[in-house]
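Each ligand, and each atom within it, is numbered from 1 in the order the structure gives.
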Amino acid sequence: MIKTEIVVKLENWIEKALDKLGYKSEEIKIEHPNEAQFGDYSTNVALGLAKSFKTNPNELASNLKNELDLLVDSDEIIEKTEVAGAGFVNFYLKKEYLIKKAEEINYETVFRSNLAKVGLGKKMVIDYSAPNIAKPFGIGHLRSTNIGQAIYNIYKILGWNCIGDNHLGDWGTQFGKLIVAILKWGGAEKDLDSYTIDDLEKLYVKFHKEAEKDDTLVEEAREWFSKLENKDPEARKIWEKVVEISLEEFRRVYELLNVSIDVANGESFYVDKTDDLIKIIEKKGLIVDSQGAKIIEFENMPPAILVKSNGATTYFTRDMATVKYRFDNWKPDLAIYEVGVDQLLHFSQVFETAKKMGWEPKEGFVHVAHGLLRWKGGKFSTRKGDTIHLSDVIDQAMDRARELARISKISKEMTNDEKEEMVKKVAIGAIKFNDLAQDPKKDIIFDWDKVMNLSGDSGPYLQYTYARCLSVLDKTKIKETKNIINIPEKINLEEEALIKELYKFEEKIIEAAERFSPAVIAEYLLGVARLFNEFYGKHRIIDQKEEVFRLFLVRTTVSVLAFGLELLGIEKIEKM
Ligand code: ARG
């Protein structure tokens with residue numbers, strides 16, 4: 001667990017104070033209390049020690065407090081300490097410190113360079129998105145794409161050297177099926193060049209329908225795949241074209257989603273690397289022959305197939321080749337896979353095999369196994385068929401965003417192009433935020449009313465709050481709002497609540513990285529927006545005697561929202 005500067009300081013003080021009292025604690029836990037009245041940080045260390053030494057926790061806590069007070073007295077961080085509850089010691093931060101932290105956020109280069117120290121010198125590889133060729137970009141790959149990109153952004157900002165790799169599903173028996181379908185029903189008049197991704201999907205679906213009636217089709221498909229594996233020129237030509245059509249579609253989607261993946265070594269990239277791989281694993285003695293197939297056995301899992309009895313390699317084989325390739329060529333400290341929870345067993349087998357082969361990065365493998373995306377009410381109605389295409393979802397989001405724009409006052413002053421631009425940002429932002437704001441490990445519900453709710457926990461709510469902040473900064477005559485020269489004597493409850501949230505930004509970014517969960521940041525941003533809106537609803541800003549300080553709070557909120565949305569890959573909106 002990486003700690004922020006202040007937590008390290010608190011720990012040191014507590015350790016010193018305990019030392020004076022003749023105690024030593026293995027672990028000093030420091031947390032934010034749930035309620036503001038209990039201060040900004042709290043430790044239960046006295047409770048634990050009192051238990052092991054069979055003394056009174058309250059007494060120990062108050063001795064600890066007294067020792068701490070001697071230490072923190074001359075410091076510019078702590079306002080006061082207090083003993084509370086059964087033996088907690090609570091810390092209250094000074095206004096000056098909170099303001100200093102907020103200033104750091106506003107001076108973006110300072111903030112960025114502090115963050116970048118966290119992961120300096122380390123390298124990670126993240127495997128995400130990985131849609132399958134010849135199928136339109138489905139909703140199934142949306143979570144991987146969004147969450148994966150956000151994790152990438154977060155690690156990058158923390159100074160890690162990051163490689164994003166799109167492990168495209170561009171190889172496998174399904175290509176045999178597709179080739180058969182193209183040759184049989186693609187229509188001789190139709191030139192391969194004019195195929196769209198939808199045509200390909202239709203052909204693939206047709207194959208499965210026809211194969212139910214006619215078994216020979218499956219056999220034919222197998223033969224075509226085997227031709228493809230053996231570099232048959234005709235098979236190869238069709239395959240290449242299909243890949244090209246698909247990539248075209250994926251590029252369009254990525255641009256829309258604000259996603260950019262460093263490399264795309266799809267499964268086909270590893271086809272010529274599997275022979276060597278199998279030899280190396282064989283040499284290590286991990287392969288067992290089973291009815292003509294080569295398999296790897298595990299203690300607590302079913303076996304994985306490395307080579308089928310017909311000689312074909314598998315998804316597992318190619319993933320093992322991928323692990324080795326990345327290990328040898330990129331030497332990562334950490335390898336992250338953002339892939340659905342339905343592949344839990346697969347990755348357990350991959351990781352276990354890699355460990356036995358000595359291909360595990362220092363900080364290990366992580367499978368961020370995201371849950372399913374479900375629709376409120378059970379089913380998503382599509383215009384074209386039963387599979388849910390991302391483009392259908394985006395179309396619906398755009399329709400709803402247009403409706404929001406229609407009733408917004410500000411949009412009346414916009415040109416049509418500006419309006420469409422805003423509609424697009426709202427629609428995509430809403431879809432992405434819904435994906436990112438929920439714990440990756442859980443199944444999530446897609447509920448249009450929530451996803452697009454301007455006053456609720458949604459992407460558009462953050463965009464709206466951001467635009468609201470900018471409009472305040474636009475109205476004032478005071479332009480320098482990044483720092484505070486005269487600290488106000490008294491600040492009101494809403495101002496206090498807001499500034500006591502803003503300084504937590506840095507630790508939230510670190511926590512998001514450690515938990516592989518962009519939701520930590522998403523939730524935090526919602527909290528900041530809520531506190532800002534409470535403050536904004538209650539207090540006037542312009543032309544008040546508190547204007548300077550209040551503008552400073554607005555400015556810091558802008559900085560946090562802008563930076564946070566950037567990490568999540570959600571676009572800001574200036575006017576809304
Ligand atoms: N293309 C695969 C699928 O859609 C996901 C690939 C994930 N990454 C990997 N290295 N296996 O199921």
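For the side chain to side chain contact (heavy atoms under 4.5 Å, CB included) test with Ile281, the passing option among Leu286, Thr317, Asp276 is Leu286; the others fail.
A donor-acceptor contact closer than 3.5 angstrom is absent between the side chains of Asn453 and Ser458. With no hydrogens or angles considered, no side-chain donor-acceptor pair links Asp165 and Tyr128 at under 3.5 Å.
Listed by chain and number, Asp127, Ala130, Asn132, His141, His167, Tyr315, Asp319, Tyr337, Val339, Gln343, Phe347 each place a non-hydrogen atom less than 4.0 angstrom from ligand 1.
For Lys227 and Phe225, the positive end is not near the middle of the six-membered ring at less than 6.0 Å and at most 45° from its axis.
Legend: residues meeting ring-ring contact (aromatic ring centres under 6.0 Å, His included) with Phe516, ordered by chain and number and at least two apart, are absent.
Centroid-to-centroid, the aromatic rings of Phe433 and Tyr461 stay 6.0 Å apart or farther.
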